[in-house]
Structure formats: C-alpha cells, structure tokens
Amino acid sequence: MQLTLEFGGGLELLCDSKKVHHVNVDLSDGEEKLTMKGLLSWAKTNLIKERPEMFMKGDTVRPGVLVLVNDCDWELSGHLDTTLEDKDVVVFISTLHGG
Amino acid sequence: MESQREEPNRKILDEIDALKAQKSDIEARISSLESQLRDSSLAKQCNGAFPSISTVASNHSRHGLPSDAIYRYSRHLLLPSFGVQGQSNLLKSSVLVVGAGGLGSPALLYLAACGVGRIGIVDHDVVELNNMHRQVIHTEAYIGKSKVESAAAACRSINSTIEIVEYREALRTSNALEIFSKFDLIIDATDNAPSRYMINDCCVVLKKPLVSGAAVGLEGQLTIYNYQGGPCYRCLFPTPPPVTACQRCSDSGVLGVVPGVIGILQALEAIKIASNVGEPLSGRMLLFDALSGRIRVVKIRGQSPQCEACGEKSTFNPEQFREFDYEKFTQTPLSTAPPKLNLIPVESRISCKEYNEKVVNGEAHILVDVRPAHHFDIISLPNSLNIPLSSLEARLSEISAALKEEETRKSVSGARLYTVCRRGNDSQRAVQLLHKLGFTSAKDIVGGLTSWQTEVDPDFPAY
C-alpha cells in the first residue's frame, strides 16, 4: 500500500531530518486491512532512527503529537482503529510551544 | 403646488437631521466620558500612562464613528464584507496579548493600527539585542527596558486614539483571572508549555476565546481554542509532552519572519472575532512550513466531553485555577531562563577562570566542545575539538588520539581532558558518559562559553 508519511514540529529529527516519506507498507500475514495501530508500529521499526520514546508511548503516539489522516485529526476517524487506504497521507506533528 | 407641499417636508427632514446630529454628538460625549472614567480606574491598577482618548469631532455620520476615525479607517470601511459595522465592532472591542515577543510584536502592531479599542499587553521581560531580528515592535533604543513599555510606546505612536493597558508583570495564576476578565479575547503569544496550559484554563474558566499561535525553527502553528464549540488546548493535548520535546527558540533557533507570519495571522483571527466578520479558525489548525512554503489547514477534533478543563463533567473553577501548579504539571518552569543543572560532583568540574589559568600555564590537555556542529561554526574556543554529544560514544578514538598527540607534543604523560558546551549542561552529560567509558579524569567547564564571556573574555561573542 502506497502511503505518504510526513513528520513535522521537530519529529522529523527522529527520521534523518527528512519530513516527507513516500513508503510502501505491506499488510502483515493474515491481516486484511492496515490500521493506524499497524502503521505506527511499522513506522517505529522502519522510519524512526533515534529516540523512539520521542515518537511513541505504549502503542500510541506520545503526548503532544497530533496525528492527521488526510488532513483530518485521527480522533475524528477512529484513532488507532482508523483504516488506511492506498495513497493516504498521514501527518505526525509535534505541537510547538515557542514564540 | 408641489413645491409648496415639499416645503414642510423639507423642514421636517432638516429638523430630523439636526436632531440626529445632536444625538450623535451627545452619544460621542457620553462614550468619551465613559472611557475617561475607565481610564482613571485602570490607571490606578497599572501604573502605566495612557494617551488621552481623541476628542470626537463634530459628527455627521449615523454610526457614531468620529470623522477622524472615518478617514483613518477608510480602507476598512470601503470593504463591503467589513465596512462600518466591522470597524465599529473593532473599536468597541478589547484584546489582551500575552507575550510581547516574536508572535506578540507583529500581532500588536496590526491590532493597534486597525483600531482595536483597547489592547492589553502582558510581559515581564526586557528587550535584548538577540530579540531584534524577530520582535519587530521593539527598537534598539529600548534594549534593557521593559518589553511592555516598548511595545506600548510603539502602539501609541501608530495609533494615539486607542487605549493601551500595560501589565509589566509575569502572568501567574494569581493575576491571570483579574487581567483576562477585562478583555473580550486573549492572544497567546507566549513561548512555553506551562503558560499555554495556564492561559487556556483561564480562558475556559472565564469563557473567553483564545487565539493561539506558536513558532519554532521554520514552522508555525495557529488555531482558536474555546470558541464556537471548538476544542480547548486540553481537549487536544490532555497530557503535557515530555520536557525534552519542548523546543525553545533560544536553543533551536527561529527564522525571524516565521513568528512574524504566525503573529500576523493571530492578529487576523482576533480581528475576525472582534469585528464579527468571516469564519474564525476554530476546529481547524493552520500548519505553516516555511522551508517548503506550504500552509496546510487541517480539521481538528471538537470540544471533548471528557476534557478536564472544558468537558461536560468538568468542575474546573476559578479557585482550582488559582491553586493549580502549572510548572509541576508540565515539569517546566514558567520562566524561560535556561536551566543550570548540577549533574556531576564539583571535583569533576573546573571554572572558566581555572581553565584559563591552565591554558596560560601551558598544561597538557585537550578541550572537547560537545555542542552540535552548527553551534561550533558560530564561535569556539581556540584549539578545541568539536565532537557533538550525540556522537561522542562513536568517536572516542578521536579523543584517545588527540590525547596521545598532545602528550607527544608536550613530552609528558597524562594529558587532561576537558569538555565544554554553550551553558555547562551538556558538558556535564559528556563527562558522565566519558567517566563511564573509561576517561575517569574528564572534567567539564562550569557555565560553558556563556560563562567564558562573563568571567574571562568579555569580547567573546555570546549567542
């Protein structure tokens, strides 16, 4: 499944300072669909190069990270259970505090 | 015959016009007296000086805008979607800007220029030279002086007809309720997590809309909280992020124009709410990426029923707000001063002066500067070796080689190993690591390059 993953607000520092990643995520054996839960663990293994605790806490993202599926807060699409489709764009953005 | 019939009508119409003019004169006088009254009561609370509200010139319009206001704001009045009503609303509105820094500076300039009737400014900080590249409201003449004093003077010089209220103090749970209650809406232009939670909660308690902006590095974010069924800050971020995830402009840097863009957009959203025009950015968030030149507006969740601040079951009230410890909640101090850590025993540290003596006496040693390479590019001490903390472990062999070379060069054994960084925190972490990896005599320089400037070499550039 072709997906575009984007990291921002400082999270890109965890993946070689690259913000946009065009990736191909295959479904695990026996799975019929890819959910955000599955994508998170895939991203943690395949994209996050350092300090994984700055990206995830438990099986979800750490506090202060906003997740957007096709420009929409994942709270509105089912959080970890959000089902992803081919060509979806998933954005992980850390909230900023500076000014 | 017709002209005779028109005659009495003309008289009546003239009389109506005259009465309306008188009425509007009287209304203008009332509003002028009211603002004088407001001024004097406010002046008692906040030792600031206020400009006199401009006296209202003879008034021929039916909407109460004085003639100088019609001319000043004419380009607003000419906008069909804004017009007289929008401007009148704006002139009657009041906006509080918390923080007169990178976001607050541009926001304040536009809020003052566009005629928000009363603007409050809260900040406890003073203007510094390294603020100037982005905090565009301040001028060099104000370096060392209060940011509020500087910003207020700039606002008054742009628009002497509006009221500026100065709060030269830090925002705390003890003063926030009283200050916020005097304004229609709040702009969060602060730079740290505890302030953001505190401002949000105060707005929830007082039911005020909150225009929130943030900018670090080359990115910015903007949204409106607590307005028209949209979420509050805690609906979105119920749990504070880990301290290490909170970047500060003073550490991570910021391109000056980035907070400029976000601050101006904050002013825009505040103007839209205050004038009751357009669709405020509530329930949506604007994400600005300066490097790629992209602005993305995303849909965010609505008000959360479970929210501890604004949710259905929340009982959060002014008393609880006053008692809430925001520094403890976020594990971050409200003041933006960088932390001074003490991670290692004093025996493992030397002062800048002591290090300087060792250099002068020609002691065999190497100095490892553990800052990131782009910091090292700005300025460094002579003969220091740059090995960033993040790659220290992988580059130990370089340290061993440098020590050996120094010993050969000076024909001695046991060359010393020192670490330095910007402020003396990472240099301690480096010493901890070096001790663990066998370099047991490594010491760090207390206070880093910042102290080097204050204690040894005043000409050494600070950054």
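We name chains A, B, ... by the order of the sequence lines, and we start the count at 1 in each one. None of the values given here were measured: they were computed from a predicted structure. Atom set for the values below is all heavy atoms of this structure, side chains included, hydrogens, waters and symmetry mates excluded.
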Colleague: Mind listing the closest non-hydrogen atom pair of Arg301(B) and Leu76(A) along with its distance?
Modeller: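 That would be CA-CD2, 3.9 Å.
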Colleague: Would you indicate whether Glu279(B), at its atom CD, is surrounded by more than 12 heavy atoms from other residues, nucleotides or ligands within a distance under 6.0 Å?
Modeller: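 No, the 6.0 Å shell around CD holds no more than 12 heavy atoms from other groups.
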Colleague: Indicate yes or no: at least one non-hydrogen side-chain atom of Val91(A) is less than 4.5 angstrom from one of Arg296(B).
Modeller: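 Yes, at least one pair of side-chain atoms sits under 4.5 Å.
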Colleague: Which pair of non-hydrogen atoms, one from Pro240(B) and one from Pro63(A), has the smallest distance, and what is that distance?
Modeller: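 Pro240(B) and Pro63(A) have their closest heavy atoms at O-CB, 3.5 Å.
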Colleague: Does CZ in Phe324(B) sit with more than 12 non-hydrogen atoms of other residues, nucleotides or ligands closer than 6.0 Å?
Modeller: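 Yes.
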Colleague: Select, from Pro242(B), Gly104(B), Pro238(B), Ala189(B), the one with the greatest count of heavy-atom pairs under 4.5 Å involving chain A.
Modeller: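 Counting heavy-atom pairs under 4.5 Å, the top option is Pro242(B).
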Colleague: What verdict does the side chain to side chain contact (heavy atoms under 4.5 Å, CB included) test give for Leu66(A) and Met285(B), after you've listed the backbone C-alpha separation in whole Å, the side-chain angles of each residue and the deciding distance to 0.1 Å?
Modeller: CA-CA 11 Å; Leu66(A) 212 53; Met285(B) 183 180 278; 3.7 Å; yes
Colleague: Does Glu308(B) have more than 12 heavy atoms from other residues, nucleotides or ligands lying within 6.0 Å of its CD?
Modeller: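 Open.
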Colleague: Considering only heavy atoms, which portion of Arg284(B) lies under 4.5 Å from any heavy atom of chain A: side chain, backbone, both, or neither?
Modeller: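 Arg284(B) has no heavy atom closer than 4.5 Å to chain A.
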Colleague: Is it the case that atom CD in Gln432(B) sees more than 12 heavy atoms from other parts of the structure closer than 6.0 Å?
Modeller: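 Check passes, neighbour count above 12.
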Colleague: Hey, is CD on Glu85(A) packed in by over 12 heavy atoms from elsewhere, all under 6.0 Å?
Modeller: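 It does not: Glu85(A) CD has 12 such atoms or fewer within range.
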Colleague: Looking at OG1 of Thr244(B) and CZ of Arg62(A), how far apart are the two atoms once the value is rounded to the nearest 0.5 Å?
Modeller: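 Spacing of OG1 (Thr244(B)) from CZ (Arg62(A)) equals 7.5 Å.
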Colleague: In Å and rounded to the nearest 0.5 Å, what is the OG1 to NZ distance from Thr239(B) to Lys57(A)?
Modeller: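 Result: 7.0 Å between the selected atoms.
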Colleague: If we define contacts as heavy-atom pairs under 4.5 Å, which of Ile93(A), Thr95(A), Leu68(A) has the most with chain B?
Modeller: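 When all of Ile93(A), Thr95(A), Leu68(A) are compared, Thr95(A) has the most.
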Colleague: Quick check: are there more than 12 heavy atoms from other residues, nucleotides or ligands sitting under 6.0 Å from NZ of Lys49(A)?
Modeller: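 Yes, because the 6.0 Å sphere around NZ of Lys49(A) holds more than 12 heavy atoms from other groups.
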Colleague: Under a 4.5 Å heavy-atom cut-off, does chain A meet the side chain of Asp289(B), its backbone, both or neither?
Modeller: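 It is the side chain, since no backbone atom gets that close.
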Colleague: When only pairs under 4.5 Å are counted, which of Ser195(B), Pro241(B), Ser212(B) shares the most heavy-atom pairs with chain A?
Modeller: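 Ranked by heavy-atom pairs under 4.5 Å with chain A, first place is Pro241(B).
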Colleague: Between Lys19(A) and Glu219(B), is the closest basic N to carboxylate O distance under 4.0 Å?
Modeller: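 Yes, Glu219(B) and Lys19(A) are salt-bridged.
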Colleague: So which part of Ile262(B) gets closer than 4.5 Å to some heavy atom of chain A, the side chain, the backbone, both or neither?
Modeller: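 Answer is neither: Ile262(B) stays 4.5 Å or more from chain A.
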Colleague: Working to the nearest 0.5 Å, report the span between CD of Gln221(B) and NE2 of His97(A).
Modeller: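 Taking CD in Gln221(B) and NE2 in His97(A), the distance rounds to 8.5 Å.
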Colleague: So which part of Tyr233(B) gets closer than 4.5 Å to some heavy atom of chain A, the side chain, the backbone, both or neither?
Modeller: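 Contact with chain A: side chain only.
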Colleague: Picking from Gln135(B), Arg294(B), Arg134(B), which has the most non-hydrogen pairs under 4.5 angstrom with chain A?
Modeller: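 Result: the option with the highest number of such pairs is Arg294(B).
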Colleague: I need the minimum non-hydrogen distance between Ala214(B) and Leu96(A), along with the two atoms involved.
Modeller: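 Closest heavy-atom pair between Ala214(B) and Leu96(A): CB-O, 3.3 Å.
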Colleague: Using 4.0 Å as the upper bound for N to carboxylate O, is an ion pair formed by Asp71(A) and Lys299(B)?
Modeller: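 Answer for the salt bridge query: no.
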Colleague: Relative to chain A, which of Ile300(B), Val216(B), Leu103(B) shows the most heavy atom pairs under 4.5 Å?
Modeller: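 Option with the top pair count is Ile300(B).
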